[in-house]
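Quick notes on the structure that follows.
It should be emphasised that the depicted structure is a prediction, and the values quoted were computed from it without experimental measurement. Positions are given from 1, in the same order as the sequence printed here.
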Amino acid sequence: MSYFADQSGHSFIANLREDTLREIATAKSQLQDIWSLPLETRVKKGHSLGPLRTLRLSDKRLHLSHETALSRDNFSRIREGDLLRLTANLPETRGCRASFYEDDGETITVELLDALPETLPSTGLTLDPDFFDPTDRFLAALDALQTTEHGREVVLPLLEGGQDGATDLETYEDELDALEALPADEQFHSSQSEAIALCIAASRFHLVQGPPGTGKTHVLSEVAARLIARGHRVLLTGPTHRSIDHALRACRRRISAETPIAKISRVNFDPSSPVAHFERFSDAELPEDAPYLIGSTPHNLWSSASGLMSQFFDTVLLDESSQLTLMLATLALLRGERFLFFGDHCQLPPVRLSASLLDTESQSIFLKLRKADSTTMLTESWRLNRELAEWPSATFYDNRLEARFDRRLSLSPASPHPALQPSPSFVAIRHDEENATSRSAEEGELLAELILDLLRGGLSPSEIAVVTPFRSQAALIRRILRTRSEFSDWPVRELLADTVERLQGQEREVILISFAASQSDFILPLASFLLDEKRLNVAITRARRKTILIHSQTLLAVARSLADSEGDEARGANAFCSLLDNP
């Protein structure tokens, strides 16, 4: 009989346990339902890729190609780091486990976690979602939350929101003085300095809210460097490998080469990173009596294979913590003494499959802990120009977000297209197409025209990105760029065309947003996804100089009808309409 069956337990832990187990059960049930579907249905719903053929195997990295247009042109929910199973279209068998790396529209790359079976054919393959069952790790963490002194006296009061963000005032003032004494070209904005000083002086925890382009990662790396200088052993974690790798790169640039920094994970998602990668903690051979920085996912902290289960850190940095559920955060909090949370609850939330049994504020650790006296908001955007900062500032940040620079698009030669003039910085282009679902040829042609003028005007492909909700629309754009002769003079593979999840944390000079959908019967069931205000916030705030949003008249009409309703979609629909109505 488990510990929880013997004890009445704390109500918060009981609720967290029930919520976590229900989410796991929902995931298992949904996967069984997905696996039972025909391949065409699985692919069209965005769950799977196939049919595929093997191209080559390089070490543990397998490269595949689409055999037909089926999976190449359809929307996909598969993201970097997702656990998949490779089979001959037999997803209900275990097959070969793999971790998704990337799909550039032509080649799919996965990292094999099992040996490739000799009996597996080279054609007719499928990649389907697999399930990593974290039940044992979660239950072990919940047990530690209630049975260990650290869990009961430190982590549990924090999770319940019963701890104040106390500050050592002497340390705070010393840190502010040191920051103000920096050379002029190294100084931070006042809100950044405030955040850094409060993080270093925090007795137990502090939150840093980083709206788009305000230098959240820059602040995080400075905090890490100052903690290292104080002799701390620091853990950096987050919801995805991409977020962890991005933050580790920034820390490596800021922290001296003498200080060890390492990523501990089974798969290396960032092979070009200057940060060393190891599968096990012991392989890193870190000094016992000196500071260091380790990056790892919350799940890996409780894996016996990683060697991290017995490690304890002075400070835990939780990046993108607005995407961390309370359960995932608990895995990390039980590994440290002090906790610094970096995130923004106005951007992408955690992914949940079932309705939470917890209160609304508990959907992420960042939202749960956000308080006026323990949160510093960075208020100066180094990315957005003044026009681009106006809408997100008014809609999400209480008009506190300011633009440091006022960069404008300037092409040479100039483009005759009205959308590509220096002003305004935000342009919405509306069209009358009515029958498009997840792919719009009309929007594709318009995007091609705009991209060509941007390239001719002096921008490089890496300075442009296309954001779209649908994989098929992204695939259409990539195919246009790579097959038409007018684009042959530029390395167009550097132009990213993908979903908003791929763009979070990144920026470009120009962002082109393509909604594609123009069929009302298709739009309505997806309205909560298409018009989600947090996804819209992320998409709109990636650009430094110009954002161009392309949409159908039908999408706007649906949004306006929903804005007047009392449904769940009303909030996002209102945000969408306010953006298009913003002068």
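- The side chain to side chain contact (heavy atoms under 4.5 Å, CB included) test with V538 singles out one residue from L348, D344, D532, and that residue is L348.
- Residues I244 and D319 form no side-chain contact, since every pair of their non-hydrogen atoms from C-beta on lies 4.5 Å or further apart.
- Judged by distance alone, the side chain of R137 and the main-chain N or O of H299 form a donor-acceptor pair under 3.5 Å.
- In this structure a side-chain-to-backbone donor-acceptor pair under 3.5 Å is present from S321 to F342.
- Of all heavy-atom pairs spanning A201 and Y172, the tightest one is CB-N, 3.5 Å.
- You'll find the side chain of I24 reaches within 4.5 Å of the side chain of P134, heavy atoms only.
- The distance from atom NE2 of H206 to atom CD of E194, rounded to the nearest 0.5 Å, is 7.5 Å.
- Nearest heavy atoms, L401 versus A389: CD2-O, 4.5 Å.
- In this structure, the side chains of F269 and S99 come closer than 4.5 Å at one or more pairs of heavy atoms.
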Q: Test S221 against T217 for side chain to side chain contact (heavy atoms under 4.5 Å, CB included), laying out the working first.
A: CA-CA 6 Å; S221 64; T217 304; 5.6 Å; no

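- Put simply, the side chain of P129 does not reach to within 4.5 Å of the side chain of I78, judged on heavy atoms.
- Counting all heavy atoms, side chain and backbone alike, C251 lies closest to L293 at CB-CD2, 3.6 Å.
- At distances below 3.5 Å, not a single donor-acceptor pair connects side-chain atoms of R85 with backbone N or O atoms of D128.
- Side-chain N or O atoms of R252 include none that pairs as donor or acceptor with a backbone N or O of S273 at under 3.5 Å.
- Of the possible polar contacts, one joining the R542 side chain to the Q506 backbone as a donor-acceptor pair under 3.5 Å is found.
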Q: Determine, stepwise, if the pair N300 / S303 fulfils side chain to side chain contact (heavy atoms under 4.5 Å, CB included).
A: CA-CA 5 Å; N300 207 37; S303 165; 3.9 Å; yes

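- When side chains are defined from C-beta on, F341 does not count as touching L324, because their heavy atoms never get closer than 4.5 Å.
- R254 places no side-chain N or O within 3.5 Å of a backbone atom of H218 that could act as its donor or acceptor partner.
- The CZ atom of F576 sits 14.5 Å away from atom CD of E569, with the distance rounded to the nearest 0.5 Å.
- Heavy atoms only, all atoms of each residue included: S578 and A575 are closest at OG-O, 2.8 Å.
- Taking CG from L142 and CE from M327, the interatomic distance works out to 4.0 Å, rounded to the nearest 0.5 Å.
- Between R22 and E18 there is no salt bridge, since no side-chain N of the basic residue sits under 4.0 Å from a carboxylate O of the acidic one.
- Expressed to the nearest 0.5 Å, how far CG of D498 lies from CD of E102 amounts to 10.0 Å.
- Residues R233 and F313 approach most closely at O-CB, 3.5 Å, considering heavy atoms.
- One finds no salt bridge joining K368 and E160 here, because no Lys/Arg side-chain nitrogen approaches an Asp/Glu carboxylate oxygen to under 4.0 Å.
- In this structure, the side chain of H189 engages the main chain of S191 through a donor-acceptor pair within 3.5 Å.
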Q: Decide side chain to side chain contact (heavy atoms under 4.5 Å, CB included) for H232 and R338; before the verdict, give the C-alpha distance in whole Å, the side-chain angles of both, and the deciding distance to 0.1 Å.
A: CA-CA 10 Å; H232 286 225; R338 297 167 69 252; 3.8 Å; yes

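- Between the side chain of Q192 and the main chain of T214, a donor-acceptor pair closer than 3.5 Å is present.
- Side chains of F366 and E320 form no contact here, defined as non-hydrogen atoms less than 4.5 Å apart.
- Of the possible polar contacts, none joining the D130 side chain to the R97 backbone as a donor-acceptor pair under 3.5 Å is found.
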Q | From CA spacing to verdict: side chain to side chain contact (heavy atoms under 4.5 Å, CB included), L334, W302 | A | CA-CA 10 Å; L334 287 164; W302 289 76; 3.7 Å; yes

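- For D133 (side chain) and T135 (main-chain N/O), a donor-acceptor pair under 3.5 Å exists by modelled atom type.
- If you take CG on L369 and CG on L207, they are separated by 5.5 Å, rounding to the nearest 0.5 Å.
- Within 6.0 Å of the CG atom in D136, the count of heavy atoms belonging to other residues, nucleotides or ligands does not exceed 12.
- The shortest non-hydrogen separation linking C346 to Q209 is SG-NE2, 4.2 Å.
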Q. Does the pair H150 and T148 meet the rule for a side-chain hydrogen bond (donor to acceptor under 3.5 Å, both in side chains), with working shown?
A. CA-CA 5 Å; H150 182 67; T148 67; over 6 Å; no

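- Taking CG of L139 as the start and CZ of R17 as the end, the distance is 5.5 Å to the nearest 0.5 Å.
- Taking 4.0 Å as the cut-off between side-chain N and carboxylate O, R230 and D314 do not count as a salt-bridged pair.
- For the pairing with D270, the side chain to side chain donor-acceptor pair (under 3.5 Å) check across R249, H277, R242 returns one residue only, R249.
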Q: Given side-chain hydrogen bond (donor to acceptor under 3.5 Å, both in side chains), test H241 with T297 step by step and report yes or no.
A: CA-CA 7 Å; H241 286 283; T297 63; 5.0 Å; no

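- In summary, of the residues considered (L308, L301, L318), a side chain to side chain contact (heavy atoms under 4.5 Å, CB included) with L235 occurs for L301 alone.
- Within the 4.5 Å cutoff, no side-chain heavy atoms of T330 are placed close to those of T325.
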Q: Evaluate the criterion side-chain hydrogen bond (donor to acceptor under 3.5 Å, both in side chains) for residue pair H345 and S364; output intermediate values, then yes/no.
A: CA-CA 8 Å; H345 58 284; S364 80; over 6 Å; no

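- Contact of the V316 side chain with the L333 side chain is not registered, since no non-hydrogen atoms from C-beta on lie closer than 4.5 Å.
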